[in-house]
Amino acid sequence: MRVAIIGAGISGLALAYYLQKLGIPYDLFEANEEVGGNIRTIKESGYLLELGPNSLQYTPELQMLVRELKLEQQVIPTARAGHHRYVLRNGSYEKLPTSPFALLSNSVFSWKTRLRILQERDIPPADIDYETITQFFERRFGPGVLEYVVHPFVTGIYGGDPSKLLVHKAFPLLKKMEAQYGSVLKGLMKQQDSPFSYANISFVSGMQTLPNAIAEKLISLHTGLHVEMITRNQGKYIISCATTGDYDTEEYDMLVLALPALPAAELLHFTFPGMSAALQNIHYPPMAIVHSVYNRSDVSHKLDGYGTLHPSAECPFAAGSIWSSSLFDGRCHPHEVLFTSFVGGAQYESNALTDKDKLLECVHKELALTHGITTDKPVFQSVHQMEHSIPQYDLYIEDAHHMAAQLEQDGLFIAANWQAGVSVHSCIRHAKELAHKINLKRPAPSIAE
Ligand SMILES: Cc1cc2nc3c(=O)[nH]c(=O)nc-3n(C[C@H](O)[C@H](O)[C@H](O)COP(=O)(O)OP(=O)(O)OC[C@H]3O[C@@H](n4cnc5c(N)ncnc54)[C@H](O)[C@@H]3O)c2cc1C
């Protein structure tokens, strides 16, 4: 049995790694020379810049992988103050509570809203089809939590619009807690394994350390091979690449797409047109990542936390910023500070596609106003624009998930963030589970063997 995996982002890499551990032959194809997909770290003018994720939740799964890859010495946890996030309210930043229970003593909410949050324990569970995140929070916690907590957090994780994302797809744990304990608050109290239990980490040389370390272990990784077409012959898959005919004759028993939905749709156009059409409907809003460096002495804000979230009610330009140099050492010179700002996502799409110079200027102006920055321009600034950023778990993704489940009968599997969940640790967990699922399909050895 041989498996073809297309795409060496974290999903494809992790799957190849776990298949290799199980002794299952595979070929992993990646269009770029570098692996990691969305996870990309660059060095520019001496600054260490992240173009994708800035930190990872250090879940038990990830801890085990880090140990196996012998990366423990490279891991850096976020600085102590890193669990504080700030939300923009009436033009200045207020500290958000660090846990759901701290919400009750936090000034972001009125007394009425705090009381309503407490009453969540008595709201009976309900199973509502296609309930959005906004509807779920409004039903359980009341409307007071939406603007300044739910909205900015959903923007921070999905770059998404909570009035469109489906709660059971985007935050399945919340629905599980409601069903199991009758209340999210009760669930958080009882559940040990909540998202709040894990530290956030990066690596000394940045996030790309992780995909690079996995790639080094792989024996059948082929980079610089853009897969152009997939065909199927008598139940086997054949892969055609743009630059070489090397793999045209290889037949695979199983195919795993570890690709964003749009390139996956192109590949499935002829073989599985229904699935291809469903994939084309998955929305990826554009996003721009802007890095700005200032002299510390020019910034009056203490920058004592993870960074900022901007609710749309404040009509901001950026969706928020990470205070990268407050979180991790070695991102810029000690006398400087580095901001990583996110512009775009579902609710600020047009801002992400603004002309580069204008975009940089708008980000600088907003940072200056909100952080008490006295200088006219940053010491360094750069922008990386993405036409397609994070898949939206809205109504349209339902179809693709449904069809993906059916195609497993044909030996076609998905390991990608539009199926696994968008966080890096979800992609790794999903890849590990998929490797075990594939292992179960391995034919039993014949008696002669
Ligand atoms: C700006 C941004 C910030 C983020 N921040 C965080 C964060 O802080 N924490 C967190 O946990 N997650 C974060 N995420 C989410 C996380 O980075 C992604 O969900 C995850 O990296 C997706 O991995 P993937 O392997 O599923 O897909 P991808 O990373 O998209 O990888 C797909 C790979 O397929 C390759 N490919 C495409 N077409 C072909 C083809 N035809 N042939 C061969 N190869 C092909 C691509 O080159 C790519 O390498 C962020 C995402 C973005 C965009």
Side-chain angles (χ1 to χ4, degrees), residues 4-16 27-41 49-59 62 78 155-160 195 198 200-202 207-208 210-211 214-215 221-230 239-243 247 255-269 284-291 306-307 319-320 322 324 327 340-345 352 384-393 414-431 434:
I5 310 166
I6 309 178
I10 193 65
S11 299
L13 287 166
L15 176 68
D27 280 305
L28 170 57
F29 301 94
E30 167 56 46
N32 292 325
E33 292 301 337
E34 277 191 80
V35 298
N38 276 320
I39 305 180
R40 224 175 122 211
T41 311
L49 310 175
E50 298 292 359
L51 303 185
N54 279 252
S55 67
L56 303 177
Q57 260 182 43
Y58 207 26
T59 57
L62 186 59
T78 51
T155 306
I157 298 170
Y158 279 91
Y198 305 116
N200 275 306
I201 60 141
S202 180
M207 296 287 295
Q208 213 175 327
L210 181 64
I214 302 177
L221 164 66
H222 316 285
T223 54
L225 287 186
H226 186 272
V227 176
E228 296 253 292
M229 203 163 74
I230 292 162
I239 304 294
S240 308
C241 296
T243 46
Y247 294 91
L255 172 68
V256 182
L257 299 179
L259 304 163
L262 300 180
E266 279 168 31
L267 288 183
L268 298 183
H269 188 65
Y284 286 69
M287 183 148 348
I289 291 95
V290 179
H291 294 99
Y306 194 94
I322 292 178
S324 306
L327 291 183
T340 305
S341 306
F342 298 88
V343 180
H384 168 71
Q385 282 168 303
M386 305 174 86
E387 210 181 319
H388 305 290
S389 62
I390 296 175
Q392 299 299 294
Y393 278 53
I414 307 301
N417 64 355
W418 54 268
Q419 170 85 51
V422 297
S423 60
V424 171
H425 70 266
S426 306
C427 294
I428 294 172
R429 191 194 53 226
H430 179 86
L434 181 56

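Atoms within a ligand are numbered from 1 in the order they appear, just like the ligands themselves. Given the structure is predicted, the values throughout are model-derived calculations rather than measurements.
- Atoms CD1 and NE2, from Ile201 and His425 in turn, are 11.5 Å apart once rounded to the nearest 0.5 Å.
- Here atom 44 (N) of ligand 1 lies nearest to Ala31 when heavy atoms of Ala31, Ala416, Pro53 are compared.
- Which parts of ligand 1 touch Val422 is read off a 4.0 Å heavy-atom cut-off, strictly below it: atoms 12 (N), 15 (C), 16 (C), 18 (C), 19 (O).
- The atoms of ligand 1 that sit less than 4.0 Å from any heavy atom of Ile289 are 1 (C).
- Counting heavy atoms closer than 4.0 Å to ligand 1, residue Ala415 contributes nothing at all.
- To the nearest 0.5 Å, atom CG of residue Asp27 and atom CG of residue Leu225 are 9.5 Å apart.
- Summarising the contacts of atom 33 (C) of ligand 1 with Ser55, Gly9, Gly52, the nearest heavy atom is found in Gly9.
- Of the protein's heavy atoms, Asn417 ND2, 3.5 Å lies nearest to atom 22 (C) of ligand 1.
- Pairing each heavy atom of Pro285 with each of Ser389, the nearest pair is O-OG, 2.5 Å.
- Protein heavy atom nearest atom 34 (O) of ligand 1, with residue, atom name and distance: Gly7 CA, 3.3 Å.
- Closest to atom 25 (O) of ligand 1 among all protein heavy atoms lies Ser11 N, 2.9 Å.
- Taking each heavy atom of Ser55 and Tyr306 in turn, the nearest pair found is OG-OH, 2.7 Å.
- Using cut-offs of 30° and 60° for the angle between ring planes, the His388 and Tyr284 rings count as perpendicular.
- Scanning both residues, Ser11 and Ala431, for their nearest heavy atoms gives O-CB, 3.7 Å.
- The single protein non-hydrogen atom nearest to atom 48 (C) of ligand 1 is Glu30 OE1, 3.5 Å, given as residue, atom name and distance.
- For the ligand labelled ligand 1, residue Met386 lies inside the 4.0 Å heavy-atom shell.
- The shortest contact between atom 32 (C) of ligand 1 and any protein heavy atom is with Ala258 O, 3.5 Å.
- Residue Glu228 qualifies as enclosed at atom CD: its count of foreign heavy atoms under 6.0 Å is above 12.
- When Ile428, Ile5, Ile10, Leu210 are ranked by how near their heavy atoms come to atom 23 (O) of ligand 1, first place goes to Ile10.
- For a threshold of 3.5 Å applied to N or O pairs, the pair formed by Ser423 and ligand 1 contains no separation below that value.
- Closest heavy-atom contact between Asn32 and Thr223: O-CB, 3.4 Å.
- Nearest residue to atom 45 (C) of ligand 1 from Leu62, Ile390, Ile414, Leu259 is Leu259 (criterion: closest heavy atom).
- Near Pro263, meaning under 4.0 Å from any of its heavy atoms, are these atoms of ligand 1: 38 (N).
- Here is the list of ligand 1 atoms found below 4.0 Å of a heavy atom in Asn32: 47 (O).
- For ligand 1, the atoms closer than 4.0 angstrom to any heavy atom of Pro260 are 30 (O), 32 (C).
- Here Met287 contributes atom CE and Ile390 contributes atom CD1; the two are 4.5 Å apart, rounded to the nearest 0.5 Å.
- Minimum interatomic distance between Ile428 and Ala14 (heavy atoms only, all atoms of both residues): CA-CB, 4.3 Å.
- The option with the heavy atom closest to atom 27 (O) of ligand 1, from among Thr340, Asn38, Leu257, Leu28, is Asn38.
- Annotation: the span from Cys241 atom SG to Ile6 atom CD1 amounts to 8.0 Å, rounded to 0.5 Å.
- From the protein, the heavy atom lying nearest to atom 10 (C) of ligand 1 is Val424 N, 3.6 Å.
- Between Asn54 and Ser202, the shortest heavy-atom distance links the atoms O-CB, 3.9 Å.
- The shortest N/O to N/O separation between Val227 and ligand 1 falls below 3.5 Å.
- By the neighbour-count criterion of 12 heavy atoms within 6.0 Å, atom NE2 of His269 is sparsely surrounded, having that number or fewer from other residues, nucleotides or ligands.
- Against a heavy-atom cut-off of under 4.0 Å, Ile6 is close to the following atoms of ligand 1: 42 (N), 43 (C).
- Within the listing of ligand 1, atoms 29 (O), 31 (O), 48 (C), 49 (O) sit less than 4.0 angstrom from a heavy atom of Gly37.
- Separating the CG atom in Leu51 from the CG atom in Asn38 is a distance of 10.0 Å, to the nearest 0.5 Å.
- Ligand-side atoms of ligand 1 in range of Asn54: 8 (O), range being under 4.0 angstrom from any heavy atom.
- Residue contacts with ligand 1 include Leu225, since one or more of its heavy atoms lies under 4.0 Å from the ligand.
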